[in-house]
Number of protein chains: 2
Amino acid sequence: MGGFVNSLATLPEQPDEDSPAIDQRQFVNSLGKGIAVLEAFSSHPGAMSLQEIADLAGLDKSTVQRMAYTLLQLGYLRKGLDGRGFCLGTKVLDRAFDFLRSWPLIERATPVLNELQLGSHERVDLSIFDDLTICYAIRRQSKRQTFYATLVGRRIPTFCSSGGRAIMARLSDGEVDSILRRSDLIALTPKTLTDPDAIREEVQRARREGFSLVHDESLIGEVAVACAVLDHRARPVAAVHIAGSLSEWSPESFAKRFSPLAAEAAGALSGAIAPF
Amino acid sequence: MGGFVNSLATLPEQPDEDSPAIDQRQFVNSLGKGIAVLEAFSSHPGAMSLQEIADLAGLDKSTVQRMAYTLLQLGYLRKGLDGRGFCLGTKVLDRAFDFLRSWPLIERATPVLNELQLGSHERVDLSIFDDLTICYAIRRQSKRQTFYATLVGRRIPTFCSSGGRAIMARLSDGEVDSILRRSDLIALTPKTLTDPDAIREEVQRARREGFSLVHDESLIGEVAVACAVLDHRARPVAAVHIAGSLSEWSPESFAKRFSPLAAEAAGALSGAIAPF
DNA sequence: ACGATCGTATTGTAATTCAATACGCAAATA
DNA sequence: TATTTGCGTATTGAATTACAATACGATCGT
């Protein structure tokens, strides 16, 4: 984007920029660049200088300057500690609040997950299906947890998460293939399955059993069961997870104990009401 | 904004738009409008048509169309249920994730708040000071809670929240006056203090006691104690809350039982490390 | 069958953003 | 202490970009 590169990209022939053929006519570049500034902080949390942001976002320093100025006024950025650098502002939390508030599913799921946590004494999560990743929207932890395991907004690849597997079990084979094909099948741990056929096998198993069971694939020492939450058309839109530690459970005993609970909760949240 | 109105606003004389004299030269209007589209969902959660968004955001339908198209491509909006309307997309959660991840204070506070919740069996929160409001960043609930009491990103006015009072107790009188003057002193409940002098009195009390005690002011039946978290320059940046129900506690017994715990946690989080 | 409203697409106009440049300041360097 | 480097800020001419009126097809409710 920007300058000569940008002018070329504006020509009829759009080579192969990034996304699959976005309508250059309607896309508002300035907005995209402003968002890119915010997104730069995903690869570098904490304060950054204009130049650093520019490098990460692939923008000119001048552009970042004006975008940062605007985002500063709007509260989406704030000045760093000593007036040096920029970091994310609290306004980004407001948008997340609006999001969480706007999904009836999330409101309905909140008491259900609370009960589930109290009943299981393990960590329980609700994740939202978002194509190649799932995104945690509700989290109820038990005892000590890693910091990231407490954060809403955390994403995990669909292909190697218990929730993702449970969701894929409710998709057609074609859709599962599409997800596996477009995913970067990179191992998060040494135990992560990266062979498409092996993953398909696990999806089949989840179809038979009605839940997915995953251990050590996204975090070593963690075992999790999950069941998909379906919308009124029986399409999977989310998943209920129960996650525990392999120091306390074998995968089998964990599944035996908690898969019925996850299934019950997911069933209670399925159907009836629109998710959003 | 936009069109003739906008051209007028671009002239040297900026009448009295909204914020106190923002530099029209550097402000990127398109970005502001795109953000305005996202913010429209704060006054109307759920799916909206282009026209509805336009009305709420004060923009032209055409403008909203292109902004929505862009935000759709970027994942910050998604199509409504049956392809009709737009609602917030999961990407807004990603930004919140980045924010939470980027504050060392939040990472440090997570285990502390966990302990505090397990020790108190009441709801505990960490809120971030943001001028006229405080914004909840970490929430650990006990039993059943109202939905909103579980949401990160929720804001409460500084003047009537326990956290806000605790924070004001660490500000100068001038700063407190400034906050009270600029706040809309609107009662959230019949018990909310709206008289500046009465609030100043409470702030004084919090200064003496080292914690703030508030009940029925933001939610009927709720009692809460809070202590400010200070940065390395002894400036308040956040607050630790402990909130319970008046059906189980009197304000006095609640304060006696939990104010030491809140003070201890806030103390442990203060000083030393930069908050962001 | 009709009318309203939805989301989408097009287009000429001109206002907007772009990016090079310069400035003052603070901190790290020598 | 002198110097350099990098920061955030501000300005400006050039032209790319966004604006908003308009039109279109689909879908829903009457």
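Every chain is numbered from 1 and lettered A, B, ... according to where its sequence line falls, protein lines coming before strand lines.
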Restricting to side-chain hydrogen bond (donor to acceptor under 3.5 Å, both in side chains), what partner residues turn up for [X], sequence neighbours left out?
X	value
A:Arg182	A:Asp131, A:Ser178
B:Ser30	none
B:Ser172	B:Glu175
B:Gln65	A:Gln26

Only distances under 3.5 Å count here; give the side-chain donor-acceptor pairs of residues 146-155 of chain A to other protein atoms, sequence neighbours excluded, each with its distance to 0.1 Å.
residue: A:Thr146; atom: OG1; partner: A:Ala149; partner atom: N; Å: 3.4
residue: A:Thr150; atom: OG1; partner: A:Phe147; partner atom: O; Å: 2.6
residue: A:Arg155; atom: NE; partner: B:Asp94; partner atom: OD1; Å: 2.8
residue: A:Arg155; atom: NE; partner: B:Asp94; partner atom: OD2; Å: 2.7
residue: A:Arg155; atom: NH1; partner: A:Asp130; partner atom: OD2; Å: 3.0
residue: A:Arg155; atom: NH1; partner: A:Thr133; partner atom: OG1; Å: 2.9
residue: A:Arg155; atom: NH2; partner: A:Asp130; partner atom: OD2; Å: 3.4
residue: A:Arg155; atom: NH2; partner: B:Thr90; partner atom: OG1; Å: 3.0
residue: A:Arg155; atom: NH2; partner: B:Asp94; partner atom: OD1; Å: 2.8

To the nearest Å, give me how far apart [atom1] ([X]) and [atom2] ([N]) are.
X	N	atom1	atom2	value
A:Ile53	D:dG8	CD1	P	8 Å
B:Leu59	D:dA18	CG	C1'	13 Å
A:Asp55	D:dG6	CG	P	12 Å
A:Arg66	C:dA20	CZ	P	12 Å
A:Glu52	D:dG6	CD	C1'	11 Å

Return the polar atom pairs (N/O with N/O) between nucleotides 21-27 of chain C and the protein under 3.5 Å, or none.
none

Looking at [X], I'd like to know whether one of its side-chain N or O atoms comes within less than 4.0 Å of OP1 or OP2 on [N].
X	N	result
A:Ser49	D:dG6	no
A:Gln26	C:dA9	yes
A:Lys79	D:dT9	yes

Note to self: What's the closest nucleotide to the side chain of A:Ser30 if the choices are D:dT17, C:dT10, D:dA21?
What the structure shows: D:dT17
Item checked: Selection from C:dC18, C:dT8, D:dT9 that lies nearest to any side-chain heavy atom of A:Phe86 -> D:dT9
Margin query: Quick check on DNA chain D: between A:Leu50 and A:Val28, whose nearest nucleotide comes earlier from the 5' end?
Written below: A:Leu50
Checklist line | Side-chain donor/acceptor of B:Arg170 to backbone N/O of B:Ala234, under 3.5 Å | finding: no
